[in-house]
Amino acid sequence: MFETLQKAPLDKIFALLGQYRADERPNKIDLGIGVYKDASGNTPIMSAVINAEKRILADQTTKSYVGVSGNRGFCDSITDLIFADTIDKSRITSVQAPGGTGSLWVIMQLINRANPGATVWVSDPSWPNHKPMLELAGLNPQFYPYFDQNTRSVKFDQMLAALDSMGPKDTVLLHACCHNPSGANLSNEQWDLVAQSLARTGAFPLLDLAYLGLGEGLEADAYGVRKIAQTCPEMMLGFSASKNFGLYRERAGVAIAIADKKPTADIVFSQMANVIRGSFSQSPDHGAEIVRIIMNDPTLRNEWETELEEMRLRVLTLRTNLANSLRKQSNSDEFDFIETHRGMFSLLGLSAEQVQRIKEEKAIYMIDDSRINIAGIPEHDTDQLAAAIVEVLR
Ligand code: LMR
C-alpha cells in the first residue's frame, strides 16, 4: 500500500515553527506563525478564558456528546457578535467546526457539493493554506490581484476589475479584515464597491474571518462582512476563535451560511451537518464552551473585550516602534507602511534569499515571502531587529 506514496510537503508556516523550536541560539526571534505574544514573548491564556474554564471545571456534569452541529450557544453568540442586528437572523445558519481551518473545510465541502469543482478566487497573495485546502476539497483555486508590492497597498482598481468579470459560478474568497499575509486592507468605501460588484455579477462571497477585533476593533472589523451580508443574497463565512480568544489549540470555529430565505438556510444547515458527521462527527467542545460562557456573562465579556483591545493596541504600538526604528536606521521612509497596515502581519519586501540569510545569520524567523508576525516582535529588541533587517537589505 504505502509504496505508492511520496513524501508530502509540510505547510511552510508549521515547518518554520519546527525549525525555530529546534534552533538552540538563545537570541532567536520568532516572527513566523501568527500567534499573539505578550511583552515577555509568551502567548498568554486570556484572563476571561481562565475564568470561564474554572466555571466549566466547577459546573460541567458530563462529557457526553453535544451533537453534530456543535455547541449552539457558541455558534449563536458568535453569529450575534459578527452580524449584530444588521440582517434577518432567519436567513443565517451555522455549525461549529474545529477552528477557522475546520470551518473553511466544511464550507469548501459544501461548495463542492453545490457546484462540483467550482473555481474559487483567492487574493494574490493569500494565507498559504487556502490553495492546498481548496485543491484537497476538489475545488479550483485561482488568484485575483490584491497586493501591490511597490505601494504596499491594495491594487484596488485591478482587484475590482477582476471581480467585475466574474459570474455566478465563481466563488470569491475575501479576508474579512486583517489581510494575511499583507496587512493591507480594504477601506469601507472599497468594501461597498466589492459588495456591489458581487451582487451585480452573482459571484458567491466566501469570507475568512480569523482576526476579528485585532485590526481596527470589533465593530470596525465587521464592516465588510456586514456590508456583503446586506448587499448579496447569499454568502458563507469561516470564523476562528483562535486569535481573538487565544484558543489556538482548542480548535473553536464556526461555519456560517447566509441564504436568501429560511428554507434554503435549513437545507444548507443539513448539508453542513452531513459533511461534519461524515468527516469527524462533531467538533471538540471545550474551546466553544469557554467562548459561550464568556459571551453570555456581561462581566466576562467585558473582561474579554478589554483584554482583546489591549492586545490590538499593543500590536499597533509594535508597528509604530518598528516603523520608527526602520526609518531611523535605513534613513528612508520605505518601511512606513508597517505603521499603517492592520492586523497581525506585514510583508517586509525581502527576497527569499534575504529571509534565509536573516534566519541563518541572526536567528530571526519569518515566512519565506518575508511575512512577519508583528505580535512576535520583541518589544525591547526592536532596534536590533530593525538593524538586522537593514543589514540584510544592504
Ligand atoms: C498563520 O497564518 O500563521 C496562522 O493563521 C496560523 C496558521 O494556521 O497558519
Side-chain angles (χ1 to χ4, degrees), residues 8-21 28-38 41-44 97-108 122-137 141 143 146-147 173-185 206-215 221 237-255 280 283-284 287 308 311-312 315 318-319 338 341-348 350 355 359 364-377:
L10 182 59
D11 166 84
K12 63 182 180 181
I13 295 176
F14 276 89
L16 190 77
L17 181 63
Q19 287 174 21
Y20 171 79
R21 285 182 174 161
K28 63 183 179 177
I29 297 176
D30 177 21
L31 305 179
I33 194 160
V35 294
Y36 178 81
K37 292 183 187 176
D38 62 18
N42 290 325
T43 300
T101 310
S103 308
L104 289 176
W105 178 249
V106 171
I107 289 169
M108 288 173 189
V122 180
S123 66
D124 178 21
S126 199
W127 180 50
N129 206 20
H130 279 148
K131 182 169 179 275
M133 282 184 74
L134 289 162
E135 286 167 346
L136 200 57
F143 288 88
Y146 186 80
F147 184 63
L173 199 165
L174 297 151
H175 298 232
C177 65
C178 304
H179 186 266
N180 178 4
S182 76
N185 298 293
L206 161 55
L207 283 98
D208 185 348
L209 181 56
Y211 297 89
L212 181 68
L214 285 159
D221 289 349
L237 177 144
F239 171 85
S240 169
S242 297
K243 331 278 171 175
N244 44 17
F245 286 87
L247 285 169
Y248 310 89
R249 66 175 62 174
E250 302 294 356
R251 312 310 298 142
V254 191
F280 47 86
S283 303
L308 177 63
M311 287 160 61
R312 187 182 80 82
V315 170
L318 292 171
R319 284 190 176 280
I338 293 173
H341 282 173
R342 287 293 176 270
M344 300 253 292
F345 309 110
S346 275
L347 285 170
L348 280 185
L350 272 53
V355 170
K359 179 169 77 180
I364 297 171
Y365 284 74
M366 58 185 79
I367 310 298
D368 61 2
D369 56 3
S370 77
R371 185 194 84 171
I372 58 166
N373 171 24
I374 301 290
I377 295 172

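Remember, it's 1-based here, ligands and their atoms both numbered in the order they're listed.
Nearest non-hydrogen protein atom to atom 8 (O) of ligand 1 is W127 CZ2, 3.7 Å. In this structure, the protein non-hydrogen atom closest to atom 5 (O) of ligand 1 is K243 NZ, 3.0 Å.
Contact check for P181 versus I367: no side-chain heavy atoms found under the 4.5 Å cut-off.
Ring centers of Y146 and H179: under 6.0 Å apart, within the cut-off.
Residue-level proximity to ligand 1 for N180 is carried by the side chain, the only part with a heavy atom below 4.0 angstrom.
Looking only at distances, no side-chain donor or acceptor of N42 sits under 3.5 Å from a matching main-chain atom of P44.
Annotation for ligand 1: atoms under 4.0 Å from non-hydrogen atoms of Y211 are 4 (C), 5 (O). Every atom of ligand 1 with a heavy atom of I13 under 4.0 Å away is listed here by number and element: 1 (C), 2 (O), 3 (O), 9 (O). Which parts of ligand 1 touch I33 is read off a 4.0 Å heavy-atom cut-off, strictly below it: atoms 3 (O), 6 (C).
Ligand 1 does not have N129 within reach: every non-hydrogen atom of the residue lies 4.0 Å or more from it.
Cation-pi geometry between K28 and Y365 is not satisfied (NZ or CZ under 6.0 Å from the ring centre, within 45° of the ring normal).
Between W127 and H130, the ring planes lie perpendicular to each other; the angle is over 60°, past the 30° to 60° tilted range.
Surrounding NZ of K131 are at most 12 heavy atoms belonging to other residues, nucleotides or ligands under 6.0 Å away.
At least one N or O atom of G34 sits closer than 3.5 Å to an N or O atom of ligand 1.
When M344, R371, K12 are checked for heavy-atom proximity to atom 2 (O) of ligand 1, R371 turns out nearest.
When all heavy atoms of L348 and I338 are compared, the pair lying nearest together is CD2-CD1, 3.7 Å.
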